[in-house]
A.B. asks: 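This structure is in structure tokens; I'll ask about it shortly.
Numbers here simply count residues along the sequence, with the first being 1. Each ligand, and each atom within it, is numbered from 1 in the order the structure gives.
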Amino acid sequence: MSEQSAHHSPLRFKRLLLTGAAGGLGQVLRPRLKSRCDILRVSDIADLGQAQAGEELMPMPLQDRSGMQRLLEGVDAVVHLGGVSTEQPFDLILQANILGLYNLYEAARKQGVRRIVFASSNHVTGFYRQDQVIDATMPHRPDGYYGVSKAFGEDLSRFYFDRYGIETACLRIGSSYPQPKDRRMLATWLSYDDLERLVVASLTTPVLGHSIVYGMSDNTTSWWDNTPARHIGFRPQDSSEKFRPVTEARQAPLDRNDPAVLYQGGVFVRTGPFED
Ligand code: 15L
């Protein structure tokens, strides 16, 4: 198969690793990724349930450095959703998202894994305002320790690409749920089908390099310009617009002095404090 024709085909991997497989988006992607590979290795520290056909269960804390080496052994590519996914005290984030990410990339380097799809987050740029349209070339403005840890992940993965050629797609996922939960999510919503499209495009595009892409559906209101990531070939097919009437009716009028209304990160910009 030529590199060109591989671009949009349902490329089959021998073994894919999905971390965070028991989490919200891990549960969504687990069956969908299984159809793209012979063996899906699934990992988490939470309960993974029964192994389905073609699955290998390998629970592993991201902090376990030697365990992470075993986790990445024999793997063709990784979809890394593992770690802390909300704002939390720094020490929790440090273990999973900073030390854990270092362990993952060191394991990838030593085990010869050449491509990683990393669940970054829109909270890397959460302190841009909701009246700004930004793209991935603009400076980070994290809205908490969680956003800072994802910014670290984007830089760490760039370093592993520049020095070792390990390709990474940093997915700055917006809000991936069955439907938007509030007005903010009319801009940030990513449908599950578009999430799958984004992950599959990131896994299969012939030349990924180190790329940063916002994970959002084709929403009418949008704060993010994905032009710098067009080479990935992600073309969202869904839109939050059909949920606008019900979403707006459910929510009280917005208080424009509320930082959660002003800034793209929403309530994340005023979560905490966790220090005394
Ligand atoms: C995230 O990064 C979180 O993982 C998720 O729980 C959502 O809150 C999302 O961002 C969001 O910004 O809506």
Side-chain angles (χ1 to χ4, degrees), residues 18-30 44-46 62 79-90 92-98 100-101 117-130 132-134 136 140-154 157 169-192 194-195 198-199 202 212-217 219 221-224 226 236 238-240 243-244 247-248 250-251 254 258-272 274:
L18 174 64
T19 70
L25 299 186
Q27 291 179 49
V28 171
L29 285 175
R30 185 170 166 175
D44 209 301
I45 49 171
L62 300 168
V79 177
H80 179 57
L81 308 185
V84 174
S85 68
T86 55
E87 185 64 346
Q88 297 291 337
F90 182 71
L92 286 178
I93 289 182
L94 173 66
Q95 293 302 317
N97 293 15
I98 295 186
L101 211 74
V117 177
F118 164 53
S120 182
S121 170
N122 74 90
H123 296 286
V124 168
T125 50
F127 260 123
Y128 283 95
R129 293 168 54 105
Q130 294 194 9
Q132 290 178 290
V133 176
I134 60 171
H140 295 165
R141 296 186 75 170
D143 58 25
Y145 304 124
Y146 168 64
V148 169
S149 76
K150 293 298 185 183
F152 168 83
E154 292 190 356
S157 57
C170 299
L171 312 184
R172 288 187 184 166
I173 300 173
S175 310
S176 199
Y177 297 102
Q179 63 184 70
K181 296 179 180 177
D182 56 25
R183 287 177 206 236
R184 171 180 169 272
M185 290 190 191
L186 293 171
T188 62
W189 187 62
L190 174 68
S191 74
Y192 289 158
D194 283 341
L195 169 71
L198 176 58
V199 170
S202 301
I212 300 172
V213 56
Y214 282 93
M216 60 182 167
S217 285
N219 304 327
T221 319
S222 175
W223 308 319
W224 306 323
N226 261 340
D238 297 322
S239 165
S240 65
F243 299 109
R244 184 175 292 278
T247 308
E248 290 185 343
R250 214 170 34 208
Q251 205 180 349
L254 300 177
D258 181 351
V261 171
L262 282 178
Y263 294 106
Q264 297 186 4
V267 293
F268 278 64
V269 306
R270 54 173 165 75
T271 308
F274 294 109

A.B. asks: Answer whether the closest heavy-atom distance between the side chains of Leu171 and Ser202 falls below 4.5 Å.
C.D. replies: yes
A.B. asks: Keeping Trp189 on the side-chain end and Ser239 on the backbone end, is there a donor-acceptor pair under 3.5 Å?
C.D. replies: no
A.B. asks: Show the distances, to 0.1 Å, for all pairs joining an N/O atom of ligand 1 and a protein N/O atom that are shorter than 3.5 Å, listing one pair per line.
C.D. replies:
from, atom 1, to, atom 2, distance (Å)
ligand 1, 2 (O), Ser121, OG, 2.9
ligand 1, 2 (O), Tyr146, OH, 2.7
ligand 1, 4 (O), Ser85, O, 2.5
ligand 1, 4 (O), Tyr146, OH, 3.4
ligand 1, 6 (O), Tyr177, OH, 3.2
ligand 1, 10 (O), His123, NE2, 3.1
ligand 1, 12 (O), Asn122, ND2, 3.0
ligand 1, 12 (O), His123, NE2, 2.7
ligand 1, 12 (O), Arg184, NH1, 3.4
ligand 1, 12 (O), Arg184, NH2, 2.7
ligand 1, 13 (O), Ser175, OG, 2.6
ligand 1, 13 (O), Arg184, NH1, 3.1

A.B. asks: Are a donor atom and an acceptor atom from the side chains of Tyr214 and Thr125 found within less than 3.5 Å of each other?
C.D. replies: yes
A.B. asks: Looking at residues at least two apart in the chain, or sitting in another chain, which of them share a side-chain hydrogen bond (donor to acceptor under 3.5 Å, both in side chains) with Asp44?
C.D. replies: none
A.B. asks: Report yes if the side chains of Met185 and Thr247 come closer than 4.5 Å at any heavy-atom pair, otherwise no.
C.D. replies: no
A.B. asks: Looking at CH2 of Trp224 and CD of Gln132, how far apart are the two atoms once the value is rounded to the nearest 0.5 Å?
C.D. replies: 13.5 Å
